[in-house]
Amino acid sequence: MTSLAIAVLAAGRGTRMRNGLAKVLHPLGGRPLLGHVLATAAALEPAALVVVLDPCSEEVAAYVTAECPGARIVWQDPPRGTGDATRRAAEAVGDADRLLVLYGDTPLLGADRLRAMIERHATAGAAATVLAFRPARREGYGRLRLAEDGRLLEIVEERHAEPELLAGAPCNAGVMLLELEAARPLLSRLPLRPEKGESYLTDLVAALVAAARSCVAVEADPEEALGVNSQRELAELEAVFQRRRREAMLEGGVIMPVPETVFLAFDTEIGPGAVIEPQVVFGPGVRIAAGARVRSFSHLEGAEVAAGAVVGPFARLRPGSRLGEGARVGNFVETKNAVLGTGAKANHLAYLGDATVGEGANIGAGTITCNYDGVAKHRTEIGRRAFVGSNSALVAPVRIGAEAIVGAGSTITRDVPDRAVAVARGGQQVKPGRAPDLRQRFARRRAEKAAKE
Ligand code: UD1
Ligand code: CA
């Protein structure tokens, strides 16, 4: 049995991104570009997975270690091109027979496409198989020179390609499958190209052909092999990613009347029959059950919403929010680390942080759980069917008992037992007939002040 290793090339800062963040850590659908590639690589269950990084990429290394502990990091110091990176990867994968090279800046490729490519490589008996595609905008990609019978002869980088090749030939997607026995000796002999001082993996194809080994190309669809070199390309890819995710959601029975205004993350899960109104943003880690409704202008991340629950309009669910069946979180309500039981309601203007709200409890407008004392976070527990009056401050740690009532405007600092009524606010004073006097006093004061000035 032939064993497959995968190398993900991710060295270099990506200077064309023009900012301090490593290119492969830029997010697409809420996940770094490299995370998409690592997930695809892992799905192929390779015998070895290596990620090529340069020593300036410590934050990338930390990400790889956290996200994909099975991957091995290979340092490229200094980064001398994709040819040099592949040579180092080939050295690191031990006795694997085949090496699949993926680029860390090409995030949309799916595992199915790569499986088909691996199959084709085997049946063709090729020494190298290259993934080709024909994107709408071709700038920046290498071009494939094919023989009349379709064999792959060489890959020519854009700056070296003649006009006919630039106009007519398919582009190099940046995915190559290599027979290591054939590629290893040639990888160490790739020339350093003077314009960049780098060796190009793409030059390996001509070298294999010169050594009488056969190379083939397989074509991918025009979108899935798009690479990211600039902010503009990243934004274009985000648009493609969003469109595909929305289509998949609609396909799965999600009701989304204006899909192009809904932003999904790579891992958003929405059950069939759930309604997502226009202008909703999903950050990572959200699960919406079948039959729930997310109303317009809501922002959710790290949240679970059960069937029949309604979120928004204008709600913000932060990580650790869990809404039970039929629960409601309405306008200008923010939740964080908050669990709302079945049918619990916080319909307007509230902050529920580090809180548990029992089944059927009602949280009045303007209620705040004061969860942070400047040093540590504390929990608020609200029992089932409790009623918290408007504009109450619940100073955690504190517990409101089941079926208890908190009077509006209370600042609650001590536990309220089950079924108790707690009111904690200044008493109201009423002074009959005093309003005209008071107005006169205010007017006098204003006149005195004006005279002084
Ligand atoms: C490369 C290809 C081009 C192809 C395009 C597809 C070469 C010479 N050119 O061009 O034919 O059409 O990708 O997107 O391969 N990297 C390293 N070490 C290095 C240099 C790069 O690991 O020394 C990594 C980068 O992090 C990146 C990938 O290799 O993920 C590709 O490098 P990049 O500089 O973006 O190559 P392109 O110019 O896009
Ligand atoms: Ca690139």
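Just so you know, ligand 1 is whichever comes first in the structure, and atom 1 is the first atom listed for that ligand.
Ligand 1 is approached by Gly81 to a heavy-atom distance shorter than 4.0 Å. Within the structure, the closest approach of Glu157 to ligand 1 falls below 4.0 Å when heavy atoms are considered. Heavy atoms of Arg143 stay at 4.0 angstrom or farther from ligand 1. For Gly12, the closest heavy-atom approach to ligand 1 does not fall below 4.0 Å. Under a 4.0 angstrom heavy-atom cut-off, Asn229 registers as being in contact with ligand 1.
Protein heavy atom closest to atom 4 (C) of ligand 1, with residue, atom name and distance, is Asn172 O, 3.3 Å. Of the protein's heavy atoms, Leu9 O, 3.0 Å lies nearest to atom 30 (O) of ligand 1. Counting only heavy atoms of the protein, atom 32 (O) of ligand 1 lies nearest to Thr82 CG2, 3.9 Å. Looking from atom 18 (N) of ligand 1 to the surrounding protein, the closest heavy atom is Gln76 OE1, 2.8 Å. Nearest non-hydrogen protein atom to atom 28 (C) of ligand 1 is Tyr103 CG, 3.6 Å. Taking atom 22 (O) of ligand 1 as the reference point, the nearest protein heavy-atom neighbour is Ala11 N, 2.9 Å. Protein heavy atom closest to atom 38 (O) of ligand 1, with residue, atom name and distance, is Arg16 NH2, 3.5 Å. Of the protein's heavy atoms, Asp105 OD2, 3.1 Å lies nearest to atom 35 (O) of ligand 1.
Distances between N or O atoms of Val52 and those of ligand 1 include no value under 3.5 Å.
Taking the six-membered ring for Trp and the full ring otherwise, the centers of Phe133 and Tyr141 sit less than 6.0 Å from each other.
Remark: side-chain polar atoms of Thr380 are not paired, donor with acceptor, to backbone N or O of Val398 under 3.5 angstrom. Between the side chain of Glu334 and the main chain of Ala350, no donor-acceptor pair closer than 3.5 Å is present.
Contacts with ligand 1 closer than 4.0 Å are made by backbone heavy atoms (N, CA, C, O) of Ala173 only, the side chain lying farther away. Of the heavy atoms in Ala85, only side-chain atoms (C-beta onward) come closer than 4.0 Å to ligand 1.
Side-chain polar atoms of Asp105 and His26 form no donor-acceptor pair below 3.5 angstrom. There is no side-chain donor-acceptor pair under 3.5 Å between Arg318 and Thr335. Side chains of Lys23 and Asn229: a donor on one and an acceptor on the other come within 3.5 Å.
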Test salt bridge (Lys or Arg N to Asp or Glu O under 4.0 Å) applied to Arg145 and Glu154, step by step: CA-CA 5 Å; Arg145 193 188 303 285; Glu154 64 173 336; 2.7 Å; yes

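The ligand atoms of ligand 1 that sit less than 4.0 angstrom from a heavy atom of Tyr141 are 6 (C), 12 (O), 14 (O). Heavy-atom contacts of Gly104 reach the following atoms of ligand 1: 30 (O) (cutoff under 4.0 Å). Close contacts between ligand 1 and Lys23 involve ligand atoms 35 (O) [criterion: under 4.0 Å to a heavy atom]. Close approach of ligand 1 to Gly142 (heavy-atom distance below 4.0 Å) involves ligand atoms 3 (C), 4 (C), 11 (O), 12 (O).
Side chains of Val50 and Ile73 form no contact here, defined as non-hydrogen atoms less than 4.5 Å apart. With contacts defined as side-chain heavy-atom distances shorter than 4.5 Å, the pair Leu131/Asn172 does not qualify. Using a 4.5 Å cut-off on side-chain heavy atoms (C-beta onward), Thr106 and Leu108 make no contact.
Across all non-hydrogen atoms, the minimal contact from Ala274 to Ile288 is CB-CG2, 4.1 Å.
Take the Ca ion (ligand 2) as the corner point: the lines to OD2 of Asp105 and to OD1 of Asn229 open at 90°, to the nearest 10 degrees.
Taking the ring centre of Phe263 as origin, the terminal cationic atom of Arg246 falls inside the region bounded by 6.0 Å and 45° from the ring axis.
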